[in-house]
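Before any comments, here is the structure.
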Amino acid sequence: MSRAAERLKLLINHLDRQPAAIRAAPTSLQTHSYSPPQRLRYSFDNDLLTPEQRLFYEENGFILIKNLVSDKDIESFRKEFERICRREVEVPGLVVMRDLAIAKSEFVADQKAVSKLQDFQEDPELFQYCTLPQILKYVECFTGPNIMAMHTMLINKPPDAGKKTSRHPMHQDLHYFPFRPADRIVCSWTAMEKVNRQNGCLVVLPGTHTGTLQEHDYPEWEGGVNKMYHGVRGYDPKHPRVHLEMEKGDTVFFHPLLIHGSGMNQTQGFRKAISCHYASADCYYIDVKGTTQENIEKEVQDIAAKKYALDDNITFKDTWAFRGRLVQGERISL
Ligand SMILES: CCCC(=O)SCCNC(=O)CCNC(=O)[C@H](O)C(C)(C)COP(=O)(O)OP(=O)(O)OC[C@H]1O[C@@H](n2cnc3c(N)ncnc32)[C@H](O)[C@@H]1OP(=O)(O)O
Ligand SMILES: Nc1ncnc2c1ncn2[C@@H]1O[C@H](COP(=O)(O)OP(=O)(O)OP(=O)(O)O)[C@@H](O)[C@H]1O
Ligand SMILES: O=C(O)CCC(=O)C(=O)O
Ligand SMILES: [Fe+2]
Ligand SMILES: [Mg+2]
């Protein structure tokens, strides 16, 4: 048995030997030196993840699966992306985002101007990504059997125009989400081509998923920051980080509290990735009033009011409830 498997077995055996009363809650029986072992809190066992993989996710907050999405599927996402850029298809609700440096310039050809598509739930070709059975099998390990696709993106990180605006500041995705519990939310992010340090791969701070949601603000960057690209306040660049270099089709699953971002694209190519945030259908909405998420709620409501041409009464919760789509099991509270 591998070391990880042994540790996992020990953890479970040790836990199962504890009296229920001690396992359940701190009581006067417990001394201060006794710290009860934790059950594996971040993942379920559905015979897919190996003990090593579960432990890795528990400790690091992400897991990388090689070669999970076929070239054929990726080519179909790429073709659809190009059709959208050429305006051959119109997708209800789709947000087409341009990089700050490009949005403010008049001289860039249209296809190259798109840095991100968001909310492609009404595009059957792209939404195919969110329903791929091999992805959902992994997602189920974190969400359980009833699964909602809550947030969809195709990211086309442009060559940096010289102002470092192609960077994505370090952040926790949970900052954007008014639903909980965090442990039943997971992002899948698939490289549509080779991604490396040169073209701005994902950068993660391993283990940060065990912390709490931090305050987010626009970082004070000289060249500016894209709309809604908030970063964790007081980011410490000395914190150990891991660059996730990936091949086409490789997929990383990560926890919504994991601090991550991406560096600038120093190549001439457009670095492409497709992603979906999933949540258990029995997650519940929260009110973010009085929390660190108030600033993003306000920005989202201002944009949504314009986008959907509604009055300003659209709630943060509603913006999520009508974008979310059931992809497995039954729709419950989201
Ligand atoms: C887990 C989730 C994590 C994340 O989602 S992090 C990223 C979140 N990002 C988003 O949600 C996308 C935000 N972007 C958008 O909604 C749209 O791109 C945005 C900003 C509304 C602009 O869209 P449109 O209105 O269609 O574009 P437009 O060309 O008419 O521009 C209107 C005004 O917005 C400005 N703009 C456009 N893209 C920008 C950018 N990237 N950064 C900052 N400002 C930007 C643009 O210059 C224009 O401003 P002005 O009216 O000329 O002063
Ligand atoms: N003040 C900040 N607040 C939030 N995130 C930041 C801040 N400064 C840098 N980052 C983010 O930290 C990550 C690392 O950025 P940085 O450009 O330093 O290195 P890199 O591009 O990942 O690697 P390399 O050392 O190869 O250039 C990127 O995601 C970047 O957007
Ligand atoms: O693809 C990237 O650069 C990271 C995108 C990201 O983390 C996000 O949009 O939340
Ligand atoms: Fe993110
Ligand atoms: Mg860099």
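Only a predicted model underlies this, so the values are computations on that prediction, with no experimental measurement involved. Values below: every heavy atom of this structure, side chains too, minus hydrogens, waters and symmetry copies. As the structure lists them, so they are numbered: ligands from 1, and atoms in each ligand from 1.
Annotation for ligand 3: atoms under 4.0 Å from non-hydrogen atoms of His171 are 6 (C), 7 (O), 8 (C), 10 (O). Short contacts between ligand 2 and Pro169, defined as distances under 4.0 Å to a heavy atom of the residue, involve ligand atoms 4 (C), 5 (N), 31 (O). The contact set between ligand 1 and Val95, taken as ligand atoms under 4.0 Å from a residue heavy atom, comprises 15 (C), 16 (O). Annotation for ligand 3: atoms under 4.0 Å from non-hydrogen atoms of Ser262 are 2 (C), 3 (O). Taking a cut-off of under 4.0 Å to the non-hydrogen atoms of Gly261, the atoms of ligand 2 that pass are 29 (O). Which parts of ligand 3 touch Leu202 is read off a 4.0 Å heavy-atom cut-off, strictly below it: atoms 2 (C), 4 (C). Shown in contact with Met153 at under 4.0 Å from a heavy atom are these atoms of ligand 3, numbered in order with element: 8 (C), 9 (O), 10 (O). Applying the 4.0 Å criterion to heavy atoms of Val203 picks out, from ligand 2, the atoms 22 (O). Near Trp189, the atoms of ligand 3 lying under 4.0 angstrom from a non-hydrogen atom of the residue are 1 (O), 2 (C). Each of the atoms 1 (C) of ligand 1 lies under 4.0 Å from some heavy atom of His277. Against a heavy-atom cut-off of under 4.0 Å, Lys116 is close to the following atoms of ligand 3: 9 (O). Against a heavy-atom cut-off of under 4.0 Å, Ile155 is close to the following atoms of ligand 3: 1 (O). Listed by atom number, the atoms of ligand 1 under 4.0 Å from Tyr229 heavy atoms are 7 (C).
Counted by atom type alone, His216 and Asn295 present zero donor-acceptor pairs between their side chains at under 3.5 Å. If you check the side chains of Asp99 and Ser115, you find no donor sitting under 3.5 Å from an acceptor.
In summary, Lys248 and Glu193 do not engage in a salt bridge, as defined by a charged side-chain N under 4.0 Å from a carboxylate O. Contact check on Glu122 versus Arg325 returns a salt bridge, with a Lys/Arg side-chain nitrogen under 4.0 Å from an Asp/Glu carboxylate oxygen. Between Arg233 and Glu215 there is a salt bridge, since at least one side-chain N of the basic residue sits less than 4.0 Å from a carboxylate O of the acidic one. With respect to the salt-bridge test (charged N to carboxylate O, under 4.0 angstrom), the residues Glu222 and Lys164 do not qualify. The pair Lys137-Glu140 does not count as a salt bridge, with every side-chain nitrogen at least 4.0 angstrom from each carboxylate oxygen. One finds no salt bridge joining Glu125 and Lys79 here, because no Lys/Arg side-chain nitrogen approaches an Asp/Glu carboxylate oxygen to under 4.0 Å. The pair Arg78-Glu75 meets the salt-bridge criterion, since a charged nitrogen lies less than 4.0 angstrom from a carboxylate oxygen.
Residue Arg197 touches ligand 2 through its side chain alone, judged by heavy-atom distances below 4.0 Å. With a 4.0 Å heavy-atom cut-off, ligand 2 is reached by no atom of His260. Contacts between Ser262 and ligand 2, counted as non-hydrogen atom pairs separated by less than 4.0 Å, involve the backbone only. Using a 4.0 Å cut-off between heavy atoms, Glu220 makes no contact with ligand 2 at all. Within the 4.0 Å heavy-atom criterion, the part of Arg271 lying near ligand 3 is the side chain and not the backbone.
Backbone and side-chain nitrogen or oxygen atoms of Asp99 are examined, and none is located within less than 3.5 angstrom of a nitrogen or oxygen of ligand 1. Where the criterion is an N or O separation shorter than 3.5 Å, residue side chain and backbone included, Arg167 fails it with respect to ligand 2. Residue Gln266 has no nitrogen or oxygen atom sitting less than 3.5 Å from a nitrogen or oxygen atom of ligand 2, judged on distance alone. An N or O contact shorter than 3.5 Å is missing between Tyr176 and ligand 1 by distance.
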Asp183/Arg41 under side chain to side chain contact (heavy atoms under 4.5 Å, CB included): CA gap, chis, key distance, verdict:
CA-CA 8 Å; Asp183 296 346; Arg41 63 175 271 197; 2.9 Å; yes
Check against side chain to side chain contact (heavy atoms under 4.5 Å, CB included), Ile63 and Glu52
CA-CA 11 Å; Ile63 183 170; Glu52 289 87 346; over 6 Å; no
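The shortest separation from a heavy atom of His230 to ligand 1 is not under 4.0 Å, leaving the residue out of contact. At least one heavy atom of His168 sits less than 4.0 Å from an atom of ligand 1.
When the heavy atoms of His171, Met170, His216 are ranked by distance to atom 11 (C) of ligand 2, first place goes to Met170.
Other residues, nucleotides and ligands place no more than 12 heavy atoms under 6.0 Å from the NZ atom of Lys194.
Side chains of Val91 and Phe127 form no contact here, defined as non-hydrogen atoms less than 4.5 Å apart.
Here Phe56 and Phe62 bring their ring centres to under 6.0 angstrom of each other.
Remark: Phe177 CZ to Leu213 CG distance equals 11.0 Å, nearest 0.5 Å. Expressed to the nearest 0.5 Å, how far CG of Leu334 lies from OH of Tyr278 amounts to 14.5 Å.
Of all protein heavy atoms, the one closest to atom 5 (C) of ligand 3 is His168 ND1, 3.7 Å. In this structure, atom 7 (O) of ligand 3 lies nearest to the protein heavy atom His260 NE2, 3.0 Å.
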